[in-house]
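Notes follow the structure.
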Amino acid sequence: MTSRRRWPLVTAAAIGVALVLAPVVFQMFTRAPEGGTMIKGFKPYMTTETIATFRGDLAVIGSASHEVTALQGRIPRTDPGIATFQQRWPGIDADMSAMLSTMAANLGHYQGVAALPPFVLFPWFFVLPGIFVVALAVLGLRAPPQSTRTSRLRIALAVLGVGIIAAPAIFQMFTRAPGGSKMINAFRPLMTTAKVTKIQGYFLTIGDGEGELRLDVVPQLTAAAVPASELDAITTFTDQWPTIASTMAPMIGAMSDNVGNYDAVKALPPFWLFPWFFVVPGLLVAVLAVFSRPSRRLGIAPAARAESVGFTLQGASP
Amino acid sequence: MTRSATAAIAALALALVVLASCSSNAKSSSGTTLAGLFTIEAGSCAAGSPSGSYFEMVQSGGTVSTGPFVSNPDSTCTNQAITPLSPGSDGGLRAGSYQPEPATPFAAKGNSAAASVIEPQAFFAVSFGVSTNPTDPQTGHHVPAPTVTEAGDQLHADLSAWSVSWNGQQFNQGAPKPAAVGSAATGTYDATSGAYTLQWTSLIKGGPFNGFTGIWHLVGTVQHS
């Protein structure tokens with residue numbers, strides 16, 4: 001007669017419950033979709049082409065600023081908007097350029113995270129395997145120890161454990177999740193309300209400067225017979241400003257709209273830990289399934305043991 | 001009374017109720033609802049201080065009374081915090097019905113194509129326009145058609161459908177905000193001349209001007225429908 005070890009299945013059931021509860025504890029049902037919204041919101045801007053366009057826009061504005069400096073003595077009057085623009089532009093340029101560099105450095109990380117399954121599904125990657133683990137463990141505990149059914153349930157539990165281990169590898173989480181962690185950390189200084197307010201101010205400063213260049217300075221200098229070639233960078237800026245504004249404003253909007261979403265993602269456990277949230281429980285479940293095999297030593301009834309010993313002795317006698 | 005006479009009286013009473021409810025100026029317990037066109041008198045800064053209809057925007061963290069205000073370089077006013085408004089193709093705001101934005105809400109360079117309420121006005125080189133739509137383009141909320149109620153000489157208006165399009169972006173600038181958040185627009189009304197004023201503030205939620213506050217002043221006359 002054999003007996004089953006109960007503790008491996010009880011422990012497996014507890015791990016299953018932990019998997020089910022993990023998304024609740026980490027508030028993944030609300031935070032993960034917000035993360036998905038953020039990834040979607042950044043999509044138009046996290047490309048090499050868009051970053052190159054923004055860099056080109058900064059160069060256009062910078063050239064105009066240099067030209068204003070060169071024309072300073074000939075500008076009839078200094079508009080306050082232009083003075084503010086000229087004063088703040090170097091800082092704006094440096095800050096925006098640094099932001100674009102951060103974006104460029106994290107393009108690969110972003111693409112890796114964006115290629116993960118939809119964030120809205122993340123909690124269910126814990127809940128569903130957890131439910132199956134609990135169900136198999138409970139059924140295993142209730143089934144007769146030596147039955148074929150028990151054996152099948154044990155095998156199913158082991159396979160489920162292996163499946164949970166394999167999931168992060170299938171989704172390439174071992175490479176993508178640490179990249180996501182790096183991206184989240186890199187964006188930390190950018191994704192704050194204070195930073196977004198500062199960048200909103202950049203837009204107003206540039207826009208105010210552009211308006212005064214377009215409406216005041218260029219007409220005045222043109223009237224003063226300043227050659228158009230000397231206003232080339234300024235007119236390029238004013239001509240392109242609506243286009244620049246049409247890309248810059250939505251990007252500021254995307255940053256602003258996703259500050260809360262970023263905070264939600266930041267509040268989740270670090271991304272690099274996520275693969276291990278599958279591997280460790282999966283490994284434990286698989287090992288526990290193996291350990292739950294019925295024992296031939298433990299729990300053998302005394303009568304059966306005596307019978308067995310007697311048989312051995314009889315068989316051994318001459 | 002015969003049965004046919006009773007039926008005739010009932011039909012007459014019903015007709016009177018229907019007529020009353022269809023009236024342009026339906027009376028309710030909280031005042032008279034004014035339906036029709038609220039013409040927009042063009043804004044001007046010719047006298048130094050603004051007159052007519054105009055728009056201002058308070059920067060994030062500022063206050064409606066002290067600002068700081070956004071200076072619009074395209075404003076024709078000396079004080080460029082004031083952006084004068086001009087009537088659109090409909091002549092102004094229709095109360096009791098929508099003035100939706102066109103199917104293609106933006107023209108070239110992000111300029112608004114919504115031109116029925118106000119004539120699109122340049123704001124940082126890109127024109128903004130106003131529309132009122134059953135579904136607010138920014139929030140996706142269903143919003144009622146503009147409703148203006150008169151009580152004495154005071155106006156109270158639900159302008160939650162007031163939507164601004166600019167630079168490829170949509171901004172709800174209603175009062176109250178969709179889902180009845182915040183205060184309604186208020187104003188004055190002279191029943192004799194039809195002259196009205198309406199003013200309201202609306203916090204911008206989301207987008208590049210998130211946290212900024214729009215301040216709207218409309219002046220004109222009511223043309224009852």
Side-chain angles (χ1 to χ4, degrees), chain A residues 37-38 41 44-45 61 64 79-85 191-219 234-235 237-261, chain B residues 45 56-63 67-83 105-113 120-129 137-140 164-172 203-214:
Chain A
T37 303
M38 182 184 77
Y45 310 104
I61 302 168
D79 292 282
I82 293 173
T84 305
F85 166 68
M191 296 304 291
T192 66
T193 302
K195 183 69 178 184
V196 171
T197 303
K198 198 173 179 184
I199 294 175
Q200 286 174 327
Y202 294 167
F203 182 86
L204 298 181
T205 300
I206 299 168
D208 207 14
E210 183 278 334
E212 291 186 357
L213 286 171
R214 170 170 46 91
L215 298 166
D216 295 341
V217 172
V218 170
I234 294 174
T235 50
F237 171 36
T238 57
D239 287 347
Q240 292 189 12
W241 172 244
T243 308
I244 294 171
S246 71
T247 51
M248 192 176 181
M251 188 189 73
I252 298 169
M255 288 179 70
S256 175
D257 293 349
N258 285 290
V259 168
N261 294 331
Chain B
C45 295
E56 298 169 278
M57 187 188 269
V58 181
Q59 292 186 35
S60 181
T63 66
F69 297 94
V70 174
S71 177
N72 174 16
D74 290 286
S75 166
T76 53
C77 292
T78 307
N79 174 10
Q80 294 191 308
I82 306 290
T83 299
F106 296 100
K109 296 185 175 179
N111 292 310
S112 175
Q121 305 292 315
F123 186 78
F124 289 94
V126 180
S127 297
F128 70 86
Q138 184 195 12
T139 64
V164 172
S165 49
W166 174 82
N167 205 355
Q169 313 253 311
Q170 302 281 357
F171 305 87
N172 178 276
L203 179 68
I204 297 174
K205 291 183 177 178
F209 296 113
N210 181 51
F212 289 46
T213 301

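Residue numbering restarts at 1 for every chain, and letters A, B, ... go by the order of the sequence lines.
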Under 3.5 Å: donor-acceptor pair, side chain of Glu56(B), backbone of Ala81(B): no
Side chain, backbone, both or neither of Ser246(A) within contact of chain B (heavy atoms, under 4.5 Å): both
Options Gly201(A), Ala249(A), Ala245(A), Gly211(A), ranked by heavy-atom pairs under 4.5 Å with chain B, top entry: Ala249(A)
Chain A contacts, top residue of Ala122(B), Ala125(B), Ala108(B), Gly110(B) (heavy-atom pairs, under 4.5 Å): Ala125(B)
Distance-only polar pair, side chains of Thr83(B) and Asn72(B), donor-acceptor under 3.5 Å: yes
Worked check of side-chain contact (heavy atoms from CB on, under 4.5 Å) between Asn167(B) and Phe124(B): CA-CA 10 Å; Asn167(B) 205 355; Phe124(B) 289 94; over 6 Å; no
Region of Leu204(A) in contact with chain B, defined by heavy-atom distances below 4.5 Å: both
Residue list, side chain to side chain contact (heavy atoms under 4.5 Å, CB included) with Gln170(B), at least two apart or on another chain: Glu101(B), Pro105(B), Phe106(B), Pro137(B), Gln138(B), Ser163(B), Ser165(B)
Thr63(B): partners by side chain to side chain contact (heavy atoms under 4.5 Å, CB included), with sequence neighbours left out: Ser65(B), Thr66(B)
Taking every non-hydrogen atom, the tightest pair across Phe85(A) and Gly209(A): CB-CA, 4.0 Å
Residues of residues 205-213 of chain B within contact distance of chain A, non-hydrogen under 4.5 Å: Gly206(B), Gly207(B), Pro208(B), Phe209(B), Asn210(B), Phe212(B)
Test side chain to side chain contact (heavy atoms under 4.5 Å, CB included) applied to Tyr202(A) - qualifying residues, sequence neighbours left out: Ile92(A), Asp95(A), Met96(A), Lys198(A), Ile199(A)
Parallel, tilted or perpendicular: ring planes of Phe203(A) versus Trp241(A), cut at 30 and 60 degrees: tilted
